[in-house]
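See structure below.
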Amino acid sequence: MLSVDAYHRPRSLEQALALLAPERAVVAGGTDLLVNPRYMAGVREVVDLGSLPLAFLEVRAGQVRIGANVTMAAVARSPLVRGLADAILSRGAAVCGSPNIRNMATLVGNVAAALPSADTPPPLLALDAWVLLRGPAGARRVALQDFFLGPARADRRPDELIECVEVPVPPPGTAGGFYKVGRTADDIATVNAACVLRVEEGRIVAARVVVGAVAPVPLRVADAEAALLGRAPDEAAVVEAGRLAVAAAQPISDQRASAEHRRHLAGVCATRALRQAAGLAPHGAELAHA
Ligand SMILES: Cc1cc2nc3c(=O)[nH]c(=O)nc-3n(C[C@H](O)[C@H](O)[C@H](O)COP(=O)(O)OP(=O)(O)OC[C@H]3O[C@@H](n4cnc5c(N)ncnc54)[C@H](O)[C@@H]3O)c2cc1C
């Protein structure tokens, strides 16, 4: 049972920012924070973001904006999010834990926790998402690509909160893929992958390939992206990209899988996500158990 000296429930972002202090933990859905004693060491007070007016999910100026209080369940069912590159972000959110977890967990909490195995960062990175941070000095936008610094480390100052994640609406015709391998239906990914492809006149003109849980941060596979450009979206191209994902992976061994198995799965997940985006496989099979 968690025991704290004070529980703060600010009503505005300004009030929340004024409450930030080393001995206070910021909590959104609490699904990472409250089950992990590592986060609560030395914490005497909690700042609960649940009453902030940040439950918006909207399109503004060509960006889908997902506020800090939007749950995984809301992201998974949002028509706006489903409209982005074959719904890769909806599908990442839809396999984040169990229904109970998805009803509490926020997408912003998933990003803020900066875990390399999290399910929404790969689709968000494939979609070139941004993080909007708010601090005493005002707002700051960071490309998600630059936000993750290592396991549970991100480019967020202690006096800042994430207000929302912004996802640029991709050009029409942008295709996507997402694939996750987990030990059970509601486990964190053993490995996951997301990708985006744009094909013009039979050739790939834009590619993003991201693999999760195989490096200290969700891994953008630059070599695979470069190798795909200019090629036809065929089986040979996606298999070659999968091979490059294996080469780029630097996984660790832990209770979920050995490094060797994860390296193999980097290729499996990247190839299967790319097959979906290339129209070589259906989009349904985003979760397999291994
Ligand atoms: C049983 C179980 C299964 C799970 N399965 C999965 C899974 O399959 N895939 C997956 O990706 N994750 C999974 N998770 C992890 C978790 O559900 C997600 O990471 C979740 O999205 C975190 O969101 P939250 O709102 O609960 O964050 P919290 O736990 O409230 O916070 C997480 C971290 O983010 C910080 N934070 C939250 N909001 C902000 C903000 N606005 N600004 C700055 N910092 C902030 C907190 O201070 C904390 O450090 C699972 C968790 C459990 C308990």
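Order of appearance sets the numbers: ligands from 1, and atoms from 1 within every ligand.
- Closest to atom 7 (C) of ligand 1, if we only count protein heavy atoms, is Gly97 N, 3.3 Å.
- The protein heavy atom nearest to atom 32 (C) of ligand 1 is Asp32 CB, 3.7 Å.
- For Thr31, a nitrogen or oxygen atom sits less than 3.5 Å from a nitrogen or oxygen atom of ligand 1, counting backbone and side chain alike.
- The ligand atoms of ligand 1 that sit less than 4.0 angstrom from a heavy atom of Asp186 are 3 (C), 5 (N).
- Under a 4.0 Å criterion applied to the non-hydrogen atoms of Ala112, ligand 1 contributes the atoms 34 (O), 35 (C), 36 (N), 44 (N), 45 (C).
- Looking only at protein heavy atoms, the nearest one to atom 41 (N) of ligand 1 is Ile162 O, 3.0 Å.
- Ligand 1 is never approached by Ala25 to a heavy-atom distance shorter than 4.0 Å.
- Taking a 4.0 Å cut-off on heavy atoms, Arg102 fails to register as neighbouring ligand 1.
- Considering backbone and side-chain N/O atoms, Gly29 comes within less than 3.5 Å of an N/O atom of ligand 1.
- How far CD1 of Ile66 is from CG of Leu107: 5.0 Å, rounded to the nearest 0.5 Å.
- Scanning the protein for heavy atoms near atom 27 (O) of ligand 1, the closest one is Gly109 CA, 3.7 Å.
- Of the candidates Leu33, Val46, Val108, Thr71, the one placing a heavy atom closest to atom 49 (O) of ligand 1 is Leu33.
- Ligand 1 lies less than 4.0 angstrom from a heavy atom belonging to Val95.
- One N or O on the side chain of Asp86 and one on the backbone of Gly176 form a donor-acceptor pair closer than 3.5 Å.
- Near Asp187, the atoms of ligand 1 lying under 4.0 angstrom from a non-hydrogen atom of the residue are 8 (O).
- Distances from atom 52 (C) of ligand 1 to the heavy atoms of Ile101, Leu54, Val70 put Ile101 nearest.
- Nearest protein neighbour of atom 39 (C) of ligand 1, counting heavy atoms only, is Leu49 CD1, 3.9 Å.
- Between the side chain of Arg134 and the main chain of Ile162, no donor-acceptor pair closer than 3.5 Å is present.
- Inter-residue side-chain proximity for Cys195 and Val210 is flagged as unmet; no heavy-atom pair is nearer than 4.5 Å.
- Not one N or O on the side chain of Glu160 forms a donor-acceptor pair closer than 3.5 Å with the backbone of Arg156.
- Closest to atom 50 (C) of ligand 1 among all protein heavy atoms lies Ile188 CD1, 4.0 Å.
- No donor-acceptor distance shorter than 3.5 angstrom exists from the side chain of Ser78 to the backbone of Val75, with no hydrogens or angles considered.
- The shortest N or O to N or O distance between Ala189 and ligand 1 is not below 3.5 Å.
- Of the polar atoms of Val27, none of the N or O atoms is found under 3.5 Å from an N or O of ligand 1, judged by distance alone.
- For atom 21 (O) of ligand 1, the nearest non-hydrogen atom of the protein is Thr106 O, 2.9 Å.
- Although no hydrogens or angles enter the test, the distance criterion places no donor-acceptor pair under 3.5 Å between the side chain of Thr106 and the main chain of Gly29.
- Looking at Cys96 next to ligand 1, no N or O pair under 3.5 Å apart turns up.
- Within the 4.0 Å heavy-atom cutoff, Glu160 does not count among the residues contacting ligand 1.
- Between Leu107 and ligand 1, not a single N/O pair is under 3.5 Å apart.
- In terms of modelled atom types and a separation under 3.5 Å, the side chain of Gln276 and the main chain of Phe178 share a donor-acceptor contact.
- Without hydrogens or angle criteria, Arg153 side chain to Phe148 main chain gives no donor-acceptor distance under 3.5 Å.
- Residue Asn110 places at least one N or O, backbone or side chain, under 3.5 Å from an N or O of ligand 1.
- Between Gly30 and ligand 1, an N or O atom pair is found at a separation short of 3.5 Å.
- Between the side chains of Thr120 and Asn110, at least one donor N or O sits under 3.5 Å from an acceptor N or O.
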